[in-house]
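Hydrogens, waters and symmetry mates are skipped; everything else that's a heavy atom, side chains included, is used. Chain identifiers are assigned alphabetically (A, B, ...) following the order of the sequence lines, protein sequences preceding nucleic acid strands; residue numbering begins at 1 within each chain.
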Number of protein chains: 2
Amino acid sequence: MGIAERLIELVGEENVICEYEDLFAYSIDAAPGKFVVPEAVVKVHHSKEVSEILRICNDLRIPVVCRGAGTSITGAPTPVEGGIVLDFTEMNRIKEVEEKKMCVTVEPGVIYSHLNDFLSDFNLFFPPDPGSADVCTIGGMVANNASGMRAVKYGTTENYVKTLEVVLANGKIYRIGRKVVKSSAGYDLVKLFVGSEGTLGAITEVALSLKPLPKYRKTFLAYFEDLAKACRSVTEIILSGFTPAAMEFLDDVLLETIVKSGKKDLEITEAALLIEYDGFFEDSVRRESEVAVEICKKNGARIVPSESEKEREELWSIRRMAYPLLVQRCISPITGDVIVPIENFEEAVTSFKKISEEMNVLTSFLGHSGDGNIHPIILADERDEDLWRRAQLLNERIIRKAIELGGSVTAEHGVGYEKNKFLPLEWKESSEIYMKIKRIFDPNNIMNPGKMVV
Amino acid sequence: MGIAERLIELVGEENVICEYEDLFAYSIDAAPGKFVVPEAVVKVHHSKEVSEILRICNDLRIPVVCRGAGTSITGAPTPVEGGIVLDFTEMNRIKEVEEKKMCVTVEPGVIYSHLNDFLSDFNLFFPPDPGSADVCTIGGMVANNASGMRAVKYGTTENYVKTLEVVLANGKIYRIGRKVVKSSAGYDLVKLFVGSEGTLGAITEVALSLKPLPKYRKTFLAYFEDLAKACRSVTEIILSGFTPAAMEFLDDVLLETIVKSGKKDLEITEAALLIEYDGFFEDSVRRESEVAVEICKKNGARIVPSESEKEREELWSIRRMAYPLLVQRCISPITGDVIVPIENFEEAVTSFKKISEEMNVLTSFLGHSGDGNIHPIILADERDEDLWRRAQLLNERIIRKAIELGGSVTAEHGVGYEKNKFLPLEWKESSEIYMKIKRIFDPNNIMNPGKMVV
């Protein structure tokens, strides 16, 4: 009996995908490149089921890849060594809200924005706010230590994960962590599983701590004629101590792309910053925002304030349309995710721009500038061999430059398949130590093999 | 040639302690109980030296315990299986301040309050603020994921450690982590080493991120006739969203101890809270503080405000004298360190009080209540067999109750020797998995054997 038949026996035909046309969708994510089509996909619904499936796969040495919404741009949720995919999108219950613990317990398939819509009735929220908020799942966020617009003030997913239920390759179910603010009781295994990209086990339940929803927001857009001065403003605002709730960087290529799309009438300057403050006192929020406005003005910015929620939404829509519009401009976009110390933000962005010009590949640089996190969107085309070669070299040169400036290969997208080879740039012993850690939990290397740990 | 001779050859006679009288001091920390006197103590001064010593000890299978100021109350920096102790107190240089990265790089022997005195010139600080601030070392704080008064707003040590230099048992020197705000580049080894209590390797350098020093502070003391209402105020203040910079809980035993010492004229009520807000706008800080004052008043508190820095210092001196005065009241204090979800703070404290009365052992409960972190100070005497037995049982019953309420065995003091046996209460597989992790870095189990991982 093949693995597909055994899975059907276990979870029923209706939960197993075996047709090539359907399986194909699970061989890709939002990263360029083609991966291996899985032998079968199982739509899973509870941890006991996951446990049984893993036990079988472990016995048969069949690779298992966990997948949420597949919004990854690193190849993380795709099979590269064949095997099966566990689709968690239907395991999507919000199991418990503990208002007085400021805590919510969810299954991994819950969509980020659905969760926050639900939590708004309790005046609570889970802050990180990734770009893919409307589609990405909590399980995927935990697996990649994802973050986004609000990380600058509120931190990343790892700052919120309190407990995890994980299923190991041998089918063993572990519940790790405690719903407390802090602990020094042993090695921090929760933090080890956050960002482990399905290589240590399958995440089947997540308890997240929450924050009270801020009452007031103040948002503005700052246009800069001079790229360097925009970057300098980012560093100065962070060093002022008045941490914004979001500080997004948009470059000329992006502004031009939006204008050309006809979706929005914007100025096209070298750069713009979209900055938001939030809090519980209206005038404090206003004054914090004014500190940032003054810094931007001093650096030559023209300010577009928002005076109403509608105007605020208008400003945010610019950021939200950025990535979709950019990637539509080419066949095979390469989305980078480097981060540098905030001190080096200006040098990073100006160097990246220069490298992309040298390599003659149109690239937009946007990102969560408050963190020093820059997403180069390299507008490439796999069909054009020479362009593709230059685009990949550009990607590598940007990563190397970020490392040279004290940065990291990936801030919030994870490693997956695409950034595997760059990890030793940060720490040359990483592969050796990572593989040893992986083997503790997954001795037969069936959990997402070929990713992160190679 | 014995190990002491080899060490003298390596680092010089002046850096090796061999006399029993001197060695004895290294067999204890602030925990009750007697441990093993080490064979030798080496005052280490740089990582290459540490590397050479570890390599020799690893070859000879000699246990190695790293020690900072020895302020631990769990037995963590004491030998339980003999061997040698590395004393890091003279490896205490502040190596680099990177103002625009808001980052400082230090050797592990730097004392916490010295570091913050030094950083105040830069308007920066490292927030956690442990009770032993004036003596404890950064290395010890990292090894235990220590925190303290300011964790409620600013988080624990692990939130600040950016990079580590660690020396493994085989002498290999690793530099892990990046000086960036966030990263999802592989398993988080920095977080694994934070709180590992010297069981994975020796920490020889730490880069910490820093926060800008707040400009304004508002501090008050609230006396409560009713213990339960004091606890309820803690939960209500945290749920209000106006997070204090510190919220310390003091019980009647403590208030009475201070009054009896003659050091301070205080009311003796069932409980008191010392609450502080800080920030960058004077009136915001004042208004946030008023929210907390109103909650306390609603719950029947009498408020003692502070109107000047001098009055503020007066209030803080109450908290600072608490622990020393309490432990002077008995021969063998047992200091607990449990934490519960903030929702359960009232139930925890009232239950603990009840249990200590049942067991008939005088116990004071104080702690970082904003975190749900309670330190029971059990006033015991090892010489009184019956009292000692009841005191230990009380300690265990408190821990079990905290676990039952969803809490953790230790919030900020670490596991050491004293809490080893309680770890499986949180997660029964902990020992098995922890030992496997330890073996990756320390296959011969020479690094602080008998602690945390047994």
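Proximity to chain B (any heavy atom under 4.5 Å) is shown, for A:A185, by both the backbone and the side chain. If you measure heavy-atom distances from A:H413 to chain B, the contacts under 4.5 Å come from the backbone alone. Within the 4.5 angstrom heavy-atom criterion, only side-chain atoms of B:L189, from C-beta onward, approach chain A. Within the 4.5 angstrom heavy-atom criterion, no atom of B:F422 approaches chain A. With a 4.5 Å cut-off on non-hydrogen atoms, A:E426 touches chain B through its backbone and its side chain both. Residue B:K172 touches chain A through its side chain alone, counting heavy-atom pairs closer than 4.5 Å. At a 4.5 Å heavy-atom cutoff, B:V152 makes no contact with chain A through either its backbone or its side chain.
Between the side chains of A:S430 and B:Y187, not a single donor N or O lies within less than 3.5 Å of an accepting N or O.
The side chain to side chain donor-acceptor pair (under 3.5 Å) with B:K182 is formed by just one residue from the set A:D371, A:T156, A:T410, A:T157; it is A:D371. Among B:K179, B:K101, B:K100, the one residue that satisfies the salt bridge (charged side-chain N to carboxylate O under 4.0 Å, His left out) test with A:E343 is B:K101.
Comparing A:I339, A:I342, A:N144, A:T235 by heavy-atom pairs within less than 4.5 Å of chain B, the highest count is held by A:I339. By number of non-hydrogen pairs under 4.5 angstrom with chain B, the leading residue of A:R287, A:K436, A:H368 is A:R287. Options A:D283, A:T243, A:V409, A:L192 differ in how many heavy-atom pairs under 4.5 Å they form with chain B, and the most are formed by A:D283.
Minimum interatomic distance between A:W427 and B:R175 (heavy atoms only, all atoms of both residues): CD1-O, 3.2 Å.
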